[in-house]
Amino acid sequence: MPSIAVIRRALQSCGWLLIPVVALNLGFASNLPEAYQPQVFWKDIPVALGFAENVYRVGVFVLPCLVPLAWRSRTQRAGLMLFVVGFALYSASWALLILTPGGTLARSLVGFTSPAWTPGFWLAGLVVMADTSFIARFHPRWPLLVLSVLFLGCHVGHATFVFTRLGR
């Protein structure tokens with residue numbers, strides 16, 4: 001059974017900030033255009049790219065759980081604001097594709113790949129907030145930054161691969 005300290009840490013974790021991200025993905029993914037549905041989006045993706053993207057995705061969702069959710073310092077408040085603005089941009093990228101799938105922006109490379117690169121904004125907010133950890137002498141900022149960059153590279157590469165494959 002987990003100790004009270006472990007439970008308290010879990011309740012005070014930046015991992016809670018990821019709930020809206022996961023909810024958006026689970027709640028609206030089926031509303032995205034056909035190109036984003038798994039049977040199309042994951043078709044013919046190189047195995048190494050898909051594997052790397054998913055490994056890095058796990059990392060960027062696990063590491064924030066080791067970071068306390070705090071806004072006492074100016075840096076932490078700036079990180080939280082960047083996360084909120086980043087999540088709003090990420091949500092807007094989904095809205096663009098769901099509400100105007102045939103629009104010029106949604107059919108452009110920038111619009112098509114926007115759900116892949118806009119997470120960079122909310123991830124940057126988490127990186128800024130990651131100045132402390134629940135684990136002694138572990139500073140999660142650099143590992144989270146590296147994992148975020150690797151994940152975004154794979155994620156944007158994947159979306160670009162699909163965009164190109166579909167001849168958009």
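Being a predicted model, the structure only gives us computed values, none of them experimental.
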Give me the atom names and distance for the closest heavy-atom approach of [X] to [Y].
{"X": "P119", "Y": "S114", "result": "CD-O, 4.2 Å"}
{"X": "P33", "Y": "P101", "result": "CG-CB, 3.7 Å"}
{"X": "G125", "Y": "L82", "result": "N-CD2, 3.6 Å"}
{"X": "A35", "Y": "F112", "result": "CB-CE1, 3.8 Å"}
{"X": "C14", "Y": "P68", "result": "SG-O, 3.6 Å"}
{"X": "S93", "Y": "P115", "result": "OG-CA, 3.5 Å"}

If you measure from [atom1] on [X] to [atom2] on [Y], what distance do you get to the nearest 0.5 Å?
{"X": "L17", "Y": "W122", "atom1": "CG", "atom2": "CH2", "result": "10.0 Å"}
{"X": "L32", "Y": "N25", "atom1": "CG", "atom2": "CG", "result": "8.5 Å"}
{"X": "L150", "Y": "R57", "atom1": "CG", "atom2": "CZ", "result": "13.5 Å"}
{"X": "W142", "Y": "L145", "atom1": "CH2", "atom2": "CG", "result": "5.5 Å"}
{"X": "C154", "Y": "I45", "atom1": "SG", "atom2": "CD1", "result": "11.0 Å"}
{"X": "L109", "Y": "F163", "atom1": "CG", "atom2": "CZ", "result": "5.0 Å"}

Near E34 CD, under 6.0 Å, is it more than 12 heavy atoms from other residues, nucleotides or ligands? no
More than 12 foreign heavy atoms under 6.0 Å from CZ of F138: is that the case here?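 For F138, atom CZ is crowded (more than 12 foreign heavy atoms under 6.0 Å).
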Given V128 and R77, is the side-chain contact (heavy atoms from CB on, under 4.5 Å) satisfied, shown in steps? CA-CA 9 Å; V128 170; R77 287 190 300 275; over 6 Å; no
Going hydrophobic residue to hydrophobic residue with side-chain gaps under 4.5 angstrom, can you get from [X] over to [Y]?
{"X": "V21", "Y": "L89", "value": "no"}
{"X": "W71", "Y": "F87", "value": "yes"}
{"X": "V156", "Y": "L126", "value": "no"}
{"X": "V146", "Y": "L63", "value": "yes"}
{"X": "W16", "Y": "M81", "value": "no"}

Hey, does [Y] have a side-chain heavy atom less than 4.5 Å from the side chain of [X]?
{"X": "F28", "Y": "N31", "result": "yes"}
{"X": "Q37", "Y": "F41", "result": "no"}
{"X": "L66", "Y": "P140", "result": "no"}
{"X": "F161", "Y": "P46", "result": "yes"}
{"X": "F61", "Y": "V22", "result": "yes"}

Evaluate side-chain contact (heavy atoms from CB on, under 4.5 Å) for F151 paired with L123, printing each intermediate quantity in order. CA-CA 10 Å; F151 167 68; L123 283 168; 4.2 Å; yes
Verify the ring-centre separation between F83 and F121: is it less than 6.0 angstrom?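 Not close enough - the centres of the two rings lie 6.0 Å or further apart.
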Would you say the ring centroid of Y56 lies under 6.0 angstrom from that of H155?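 They do not qualify: ring centres at least 6.0 Å apart.
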For the backbone of [Y] and the side chain of [X], can you confirm whether one donor and one acceptor N or O come within less than 3.5 Å of each other?
{"X": "S73", "Y": "Q76", "answer": "yes"}
{"X": "W117", "Y": "V110", "answer": "yes"}
{"X": "S108", "Y": "G111", "answer": "yes"}

Option passing side-chain contact (heavy atoms from CB on, under 4.5 Å) with R141 (candidates V67, T132, V127): V127
Verdict with supporting geometry, L69 and M129, side-chain contact (heavy atoms from CB on, under 4.5 Å): CA-CA 8 Å; L69 177 57; M129 292 180 72; 3.5 Å; yes
